[in-house]
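A quick write-up on the structure given underneath.
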Amino acid sequence: MASARLYERAQFRISGDRCLLAEYGSGISVEINDKVRRMTASIQRQRLPGIEGVVPSYTTLSVLYDPVTLDFSTLTGWLWELESGLDQTDLPEPRVVEIPVCYGGDFGPDIDFVATHNRLRVPEVIEFHSGATYHIYAVGFAPGFCYLGGLDSRVHTPRLPTPRTQVPAGSVGIAEAQTGVYPQPSPGGWRLIGRTPLRLFDPERPEPVLYQAGDKIRFRPISMDEFEDLSTREDV
Amino acid sequence: MEAIRIHAPGPYTTVQDLGRRHYFHLGVPVSGSLDDYAHRVANWLVGNPGQCAVLELSVAGGRMEMLCPADIAVTGAMMNPRLNGIPIPTWSSIRVKAGDMLELGMAENGCRAYLAITGGIDVPEIMGSRSTFVGSRLGGVQGRPLTTGDVLLRGDAPQLGRTRRLAWRPIYPDETTLRVVPGPHDAFFRERLGILFESDFTVSANSNRMGYRLEGPELLRDPDAPQSILSVPVTPGNIQVPADGRPIILLREQTVGGYTIVATVISPDLFRIAQAKPGDSIRFRRVELEEAHRIARDWARFLRDVEEDLARSPAGSAEGD
């Protein structure tokens, strides 16, 4: 993937009549993502009438608005103004969250493809994937699904051309330069390389998701025995 | 109070309100009724605010017993509802009492029907909403479709002073045209964008609340377009196109996606998708943002008029109750 570039000013893309995407850069970088998160915090604080929601991702912020009360040029003008006045808004200190993963076998049906595509052996795929500390760029796609950056370029692999209609809960996947975990069964186009026994999303927990955008993640390889042991403990 | 006992649930019936709006940043999608027009009208017909929880019945309706006095209304797809064996009108309030049996059959026009009741369906709010998100087992009745034996409560609210009936009801055709605004990634489809507006697409059987997969001509990206995009937040109506060129219209149960989005269905047309069934034909018509906003403002005004008319009206037709 080409190197990341922070834009001078947001570029806007139209996503239907009620949603605007504001793009602050291209490529995966903590600097771009920090700006996205600062804009998110700033928009939420301002509470402009007509704004119904703000969702951050890697480089892009989605703004949900009511077109009856807010028109496009007012909204974009206001977002540019907010951007130019953006001070170094405080963002919380990141936590490092460790996620145990059993790689390969039935849990990683695509790990052989990832290896072959990158001319590696499977143990090297595991070593490169679990060796990094990942920045959480966004939580989305499904409750608790974390989008991570910092994936070793030696294991970048394209998505499936046709997404699977069902991916098992806890699956760890790769898509191009992105990696992440599916907390629950869902459709998905990522290449699956392993699985975690942790319950990443629990609506009854005071903190429903174990992490948020801006925290860090490390993957710890575990055996099948440890997977089963941890699974049992999660169900209790 | 206890209001409805399910005797036969139908193939896929869930409790839905107008959705869960404050947790997108945790990946929790909006959910809520797919046909938000039929949902709102059903509520207004029984004197509820538009956002109360209702039952969304997909494909067919099943059988349920009323457990207390109430007003109900059935809107959306035509499922030939009968109360104690006698056909009842849709898009109209109906007075029920304990022991009355409501039966709904297969959808003949459209595919999703909506049942509202006085006070709204009363299930616990999870993350601020009563909507069911089956994908994460959230909300509604234990996060799942209804099953035989389920008992539903309703909110405490007064019954109507007189019948309410909607004079104008939508017909759900087998061929639907959806108005779309190009983007956000229309720039990657300069060569083939025209195909989107010139072709007939067919709703595939692989279609559900998450999205409608379409069969038809392949929508391939420009050869010089990037292989893939970084995941971006998505919104209901986004038409995603994976590398295989087969479009998917996203509905209300996704938050972020990584496939390019060629165009987006305008929000007033989303309810039409909810009533399309596998085998139905879909065409897309291009509108620019300014026109889409005009349509949205007109639609909001229309909804307000409908709500006010129903609140004011005596029985809307000369036919007897």
Side-chain angles (χ1 to χ4, degrees), chain A residues 1-2 13-21 23 26-28 40 52-62 64 66-68 71-72 137-147 158-163 165 175-178 180 183-187 189-190 201 203-204 208-209 212-213, chain B residues 21-30 126-127 133 135-139 143 180-187 206 210-211 227-228 230-238 242-244 246 248 253-259 261 263-268 287 289-290 292-293 295-297 300-301:
Chain A
M1 174 156 267
R13 296 180 193 268
I14 295 167
S15 187
D17 59 312
R18 310 186 68 98
C19 177
L20 174 68
L21 298 183
E23 196 175 287
S26 67
I28 300 179
T40 304
E52 296 181 333
V54 182
V55 187
S57 69
Y58 284 93
T59 58
T60 303
L61 188 54
S62 125
L64 303 166
D66 176 8
V68 176
D71 68 77
F72 186 76
Y137 282 84
V139 178
F141 177 70
F145 183 93
C146 52
Y147 284 88
R159 277 186 177 80
L160 297 172
T162 307
T165 50
E176 289 297 331
Q178 300 171 85
Q184 288 171 318
S186 77
W190 294 38
F201 169 67
E204 320 243 317
V209 178
Q212 56 184 351
Chain B
R21 293 181 180 275
H22 303 293
Y23 297 92
F24 301 130
H25 67 286
L26 293 185
V28 181
V30 64
I126 302 293
M127 296 178 133
F133 175 39
S136 292
R137 291 197 296 281
L138 278 188
V180 304
V181 178
H185 305 118
D186 51 315
N206 219 345
M210 292 199 75
Q227 271 298 304
S228 64
L230 285 177
S231 303
V232 289
V234 298
T235 200
N238 277 158
D244 64 6
R246 304 236 174 273
I248 303 171
E253 304 203 319
Q254 303 227 34
T255 54
V256 177
Y259 291 108
I261 298 163
T264 308
V265 179
I266 64 171
S267 54
V287 298
L289 185 65
E290 228 177 275
H293 280 172
I295 296 168
R297 284 191 290 272
R301 203 166 17 242

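Lettering of chains follows the sequences in order, A, B, ..., and the numbering in each one begins at 1. Just so you know, these numbers use all the heavy atoms, side chains as well, and skip hydrogens, waters and symmetry mates.
With a 4.5 Å cut-off on non-hydrogen atoms, I14(A) touches chain B through its backbone and its side chain both. Looking at P208(A), only its side chain comes within 4.5 Å of chain B, counting heavy atoms on both sides. At a 4.5 Å heavy-atom cutoff, the contact between P182(B) and chain A is made by backbone atoms alone. Using a 4.5 Å cut-off between heavy atoms, A296(B) touches chain A through backbone and side chain atoms alike. If you measure heavy-atom distances from F133(B) to chain A, the contacts under 4.5 Å come from the side chain alone. Using a 4.5 Å cut-off between heavy atoms, L20(A) makes no contact with chain B at all. At a 4.5 Å heavy-atom cutoff, Y137(A) makes no contact with chain B through either its backbone or its side chain. When heavy atoms are compared at a cutoff of 4.5 Å, Q184(A) approaches chain B solely by way of its side chain, counted from C-beta outward. Interface remark: V68(A) contributes backbone and side-chain atoms alike to the contact with chain B (heavy atom separation under 4.5 Å). Both the backbone and the side chain of V256(B) come within less than 4.5 Å of a heavy atom of chain A. Both the backbone and the side chain of S15(A) come within contact range of chain B, each with at least one heavy atom under 4.5 Å from a heavy atom of that chain.
Judged by distance alone, the side chain of H25(B) and the main-chain N or O of V139(A) form no donor-acceptor pair under 3.5 Å. No donor-acceptor pair under 3.5 Å is formed between the side chain of D244(B) and the backbone N or O of T162(A).
Applying the 6.0 Å contact sphere to CD of E290(B) captures no more than 12 heavy atoms from other residues, nucleotides or ligands.
Nearest heavy atom pair, residue S136(B) against residue P143(A), reads OG-CG, 3.2 Å. Considering every non-hydrogen atom in both A292(B) and D17(A), the closest pair reads CB-CB, 4.0 Å. The two residues S231(B) and Y58(A) have their closest heavy-atom pair at O-CD1, 4.0 Å.
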